[in-house]
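Here is the structure we will look at.
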There are 2 protein chains.
Amino acid sequence: MAEPIPIRQTAHRIPVQTIGRLSLYRRLLLELSAGGMRQIYSHQLASAAVATPAQVRRDLMMIGFTGSPRKGYAVDELIAAVNGVLAQSVETSVALVGVGNLGRAILAYYTNRQPWVRFVAAFDRDPDKANRIIHGCRVYPFEQAEEVLGREGIRAAVIAVPAAEAQRVADRLALAGVRSFLNFAPVRLHLPTGAFVDDMDMSTALDRVAYYARQQRQT
Amino acid sequence: MAEPIPIRQTAHRIPVQTIGRLSLYRRLLLELSAGGMRQIYSHQLASAAVATPAQVRRDLMMIGFTGSPRKGYAVDELIAAVNGVLAQSVETSVALVGVGNLGRAILAYYTNRQPWVRFVAAFDRDPDKANRIIHGCRVYPFEQAEEVLGREGIRAAVIAVPAAEAQRVADRLALAGVRSFLNFAPVRLHLPTGAFVDDMDMSTALDRVAYYARQQRQT
DNA sequence: GCCTGTGAAGCTATTCACAGCT
DNA sequence: AGCTGTGAATAGCTTCACAGGC
């Protein structure tokens, strides 16, 4: 009865930045592996990821993966190790809320990438959109959210509704058991502690980019 | 001949996080102002922005804006102050590269928001897309990038091309004078120092969200 | 009493730098 | 000779906490 799942427990919390970079490393490594690369040095992976070698080594240390001084890291083993952290062997079910222009583009974007994540349901307030299948994902009226989320065991959602509705949607999803959100609406969400939100605030991002475009001073 | 542009120089560099929050504050304040609010306390703005009051005060300190202990901050003056920092009175011209599903959704998203930023040109490799007008933005063949970017004085661009093309596109834009990038392609870009890149990496974001959806342990 | 402005402290991610290994 | 693994140092954003003001 000691530990039924002795997978790999890296005692400490992994910082969110590291999680993000691990996702990037995996993507790069999958491509390199397909290209025949078997071993890789931290400086090579760092260069591909636009990071420093020390950063790469630190990240891998976080997940308890070790290489050899002589040959660097074994690519396929490293991919497996990252998979072990990012996707605990099962694929994650995700819901999309808001099937407007942006929502559809998001669905199209994710289709046939990341087989470890699957969009199993989409919701829209507009009943005309219900019961259609978009990019292989069934659209339900938002009223059925609780039922479908529960049935599918969905704990992650992508919010692509207008700003004015985002908080209401988030509240309802949270009550239905969703704990992790990818928020495309340009508002910050108030959520119960323990929930995770990743804001993809395109408005803010464009403002930042516009700001730095004007900082053409000496550098 | 002392200082022809005595605008407002807050000696130190403003951190990118602060720039992002200023953008958010402005959006919130515009709405509050439209709703008739004239004064606001740091804790009120903080609550709307899901931040701490100290954070708000520090951010405003960064741009040299001061309130009064009694009444807090004057909403409209604060909006003007943020505008002074984020948009130096002129509107910023931006180009979009890649007019696929995602590119069109991006254009649609930004249309009629943020009047201080304007998409003046879009580019696509596919000549069939050229010379059309999408959401009020003219599409050019990518070959004409240098010419159009130069003519319009464009220094900021949104990259929405497939991963495999993003670096080539970025290189060419950088050579044509673009210094600030909003990158939707799921790769990190290598750019000359001094250039600014904001990565909107949707793949990484979804992986992060999926990861934390599974961390349903005690919190 | 309750707010702002801010020096100082705290925190956490990143980078350094070097011992150890092959 | 050149790489990994990692304690220690660094850096920079955030939070604390309190003086000052109304």
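Given the structure is predicted, the values throughout are model-derived calculations rather than measurements. Below, chain A is the first sequence line, B the second, and so on; all start at residue 1.
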query = Residues two or more places apart in sequence or in another chain: which of them pass ring pair (Phe, Tyr, Trp, His ring centres under 6.0 Å) with A:H43?
reply =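 With neighbours one apart ignored, the set is A:Y41.
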inquiry  = Once ring pair (Phe, Tyr, Trp, His ring centres under 6.0 Å) is applied, do any residues pair with B:F119, and if so which ones, sequence neighbours excluded?
reply    =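 Ring pair (Phe, Tyr, Trp, His ring centres under 6.0 Å) list for B:F119, sorted by chain: B:Y110.
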request  = Cation-pi check, A:R172 to A:F123: give yes when NZ or CZ is under 6.0 Å from the six-membered ring centre and within 45° of the ring axis, no otherwise.
outcome  =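 No, A:R172 does not sit over the ring of A:F123.
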request  = Could you run through nucleotides 9-17 of chain D and give me one letter per nucleotide, 5' to 3': B if any protein heavy atom sits under 4.0 Å from the base, S if only the sugar-phosphate is that close, - if neither?
outcome  = ----SSB-B
task = Measure from the side-chain heavy atoms of A:P69 and tell me the nearest of C:dC3, D:dT6, D:dG2.
result =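 When the side chain of A:P69 is considered, D:dG2 is the closest of C:dC3, D:dT6, D:dG2.
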inquiry  = For A:R38, give me all partners under salt bridge (charged side-chain N to carboxylate O under 4.0 Å, His left out), at least two apart in sequence or on another chain.
reply    =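 Applying salt bridge (charged side-chain N to carboxylate O under 4.0 Å, His left out) to A:R38 gives A:D76.
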Euclidean distance, atom [atom1] of residue [X] to atom [atom2] of [N] [Å, nearest integer]:
X	N	atom1	atom2	value
A:M61	D:dT6	CE	P	6 Å
A:L60	D:dT4	CG	P	9 Å
B:I40	C:dT4	CD1	C1'	14 Å
B:H43	C:dC3	NE2	C1'	9 Å
A:L78	D:dG5	CG	P	11 Å

key: B:Y41 side-chain N/O to C:dG5 phosphate OP1/OP2 under 4.0 Å   =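 Answer no for this pair, as no side-chain N or O of B:Y41 is under 4.0 Å from OP1 or OP2.
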query = If you pin A:T66 and A:R70 to their nearest nucleotides in DNA chain D, which one's is more 5'?
reply =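 Result: A:R70.
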message = Under the side-chain hydrogen bond (donor to acceptor under 3.5 Å, both in side chains) definition, can you give me all pairs with a residue in residues 44-57 of chain B, not counting sequence neighbours?
response =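 Every pair satisfying side-chain hydrogen bond (donor to acceptor under 3.5 Å, both in side chains) with a residue in residues 44-57 of chain B: B:S42-B:R57.
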inquiry  = Taking side chain to side chain contact (heavy atoms under 4.5 Å, CB included) as the definition, give me every residue that meets it alongside B:T92, ordered by chain and number, with sequence neighbours left out.
reply    =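 Counting only residues at least two positions away or on another chain, B:T92 forms a side chain to side chain contact (heavy atoms under 4.5 Å, CB included) with A:A210, A:R214, B:V94.
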